[in-house]
Participant: 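This is the structure, below, for whatever I ask next.
In each ligand, atom 1 is the first atom listed, and ligand 1 is the first ligand listed. Just so we're clear, the structure is a prediction, and the values are computed from it rather than from any experiment.
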Amino acid sequence: MSQLEQLRAAMGRAGVDALWISDAANVRYLSGFTSGKDGKVLVTPQDATLYTDARYTVQAAQESRVPTFIARPPATLEHAAPGLAGLRVGFEAESLTVAELEQLRTYWPQATLVGTAGLLSDLRMVKTPDEVQAVRDAQALADRVFAQVRPMIRAGVRELDVALEIESLLRRVGAESAFEIIVASGPRGALPHGVASDRVIGDGELVTVDMGARLNGYNSDMTRTVAVGTPSPEMARVYRAVLEAEEAAVRAVRPGVRGADLDALARDILTGHGLGEAFAHSLGHGVGLMVHEGPSLRGSSEDVLRPGMIVTVEPGAYLPDVGGVRIEDLVLVTEDGHEVLSRSEKEAV
Ligand SMILES: CSCC[C@H](N)C(=O)N[C@@H](C)C(=O)N[C@@H](C)C(=O)O
């Protein structure tokens, strides 16, 4: 089934006849138009239309897999209105603003507007072969960049300079950083999202580097914690515990496994090392057009892994004022198990 056919089936289950798609990643996913933030897609029982404005006339003609109508709101809404009379029209409750909803109410008075959630994000969880290749390419690039940057992670270098080098290497090959690069050294390692600061890396410290490449719209995500010199026995113990949890969770990735069970597996290992409280976030998340998307590998998740999903496995342990460790791999769920897409070496500490 095509993406559009799968979406129409999901719309039927949600009880809507048409869907107004406003989330930028969903617009891109469904239409192929790469400037999704400046577009909307309307899916009706018969048609799908990309609405964008005249800045994108040429680009939309080149990229969009669905017919395009060039206009700005409210002309877009006026164009759509006649076809929506009497229909139940879904909108994406997680991305449409209140002001935009009011505008839909004004211009589509004969439609019944219905809030929906997750119709496209559910589809996006399982990647097509082309999407898998796109994430694979992004991760391969991130691995190459990490290998180039690893030698500069040493005492006397600022975290910021490490991040800048990663960013510039990514930019030079036409990619960009998938998110603000995390370089957290020494005690800053206790910040799970310690974006690079002007702190100078010291001897005997662990340094957590969390980076991703965005290439052709698709993201990668990987974390390595590296040792500069010889870390304290306490931090070496934490590193080995996190590595044990990470490797065990990666080994367990296969179709049919629940995200919640993978989280519990890693959490139980860290708890056994007295680090359960120090693991301050979920085990992982899906990666694709967004760095964070479904499925979720957290305790409350009901997601079950299926072939074609791409997830991170990233346990961590964070000790305030002392330091922290996170180790993260990007993992493709295959028909009979998994394939680890991130290839960067993990150091023995
Ligand atoms: C702001 S993007 C940061 C990406 C980073 N690699 C990452 O995913 N960090 C995780 C610790 C994280 O944010 N996990 C989320 C899903 C959570 O546990 O709520």
Participant: In the protein, which heavy atom is nearest to atom 18 (O) of ligand 1, and how far is it?
Facilitator: S282 OG, 2.7 Å
Participant: Looking only at protein heavy atoms, which one is nearest to atom 9 (N) of ligand 1, and what is the separation?
Facilitator: H193 NE2, 2.9 Å
Participant: Should R258 and D303 count as an ion pair when the cut-off is N to O under 4.0 Å?
Facilitator: no
Participant: Looking only at protein heavy atoms, which one is nearest to atom 19 (O) of ligand 1, and what is the separation?
Facilitator: R298 NH2, 2.8 Å
Participant: Looking at F179 versus H292, is the centre-to-centre ring distance below 6.0 Å?
Facilitator: no
Participant: Taking F279's backbone N and O only, do any of them form a donor-acceptor pair with R267's side chain (distance below 3.5 Å, no angle check)?
Facilitator: yes
Participant: Name the closest protein heavy atom to atom 10 (C) of ligand 1, giving the residue it belongs to and the distance to 0.1 Å.
Facilitator: E314 OE1, 3.4 Å
Participant: Is a salt bridge present between E345 and R224, judged by a nitrogen-to-oxygen distance below 4.0 Å?
Facilitator: no
Participant: Which atoms of ligand 1 sit under 4.0 Å from any heavy atom of D221?
Facilitator: 4 (C), 5 (C), 6 (N), 8 (O)
Participant: Quick test: of every protein heavy atom, which one is nearest to atom 15 (C) of ligand 1, and how far off is it to 0.1 Å?
Facilitator: H292 CE1, 3.8 Å
Participant: Distance under 4.0 Å to a non-hydrogen atom of E328: what atoms of ligand 1 satisfy this?
Facilitator: 6 (N)
Participant: One thing to verify: whether E339 and R343 come together as a salt bridge, which I'm taking to mean a side-chain N less than 4.0 angstrom from a carboxylate O.
Facilitator: yes
Participant: Describe, in one word, how the ring planes of H281 and Y318 are oriented to each other, choosing from parallel (under 30°), tilted (30 to 60°) and perpendicular (over 60°).
Facilitator: tilted
Participant: Could you find the nearest protein heavy atom to atom 5 (C) of ligand 1 and give me its residue, atom name and distance?
Facilitator: D210 OD2, 3.1 Å
Participant: Can you tell me how the ring of W20 sits relative to the ring of W108, calling it parallel under 30°, perpendicular over 60° and tilted otherwise?
Facilitator: perpendicular
Participant: Do any nitrogen or oxygen atoms of T223 lie less than 3.5 angstrom from nitrogen or oxygen atoms of ligand 1?
Facilitator: no
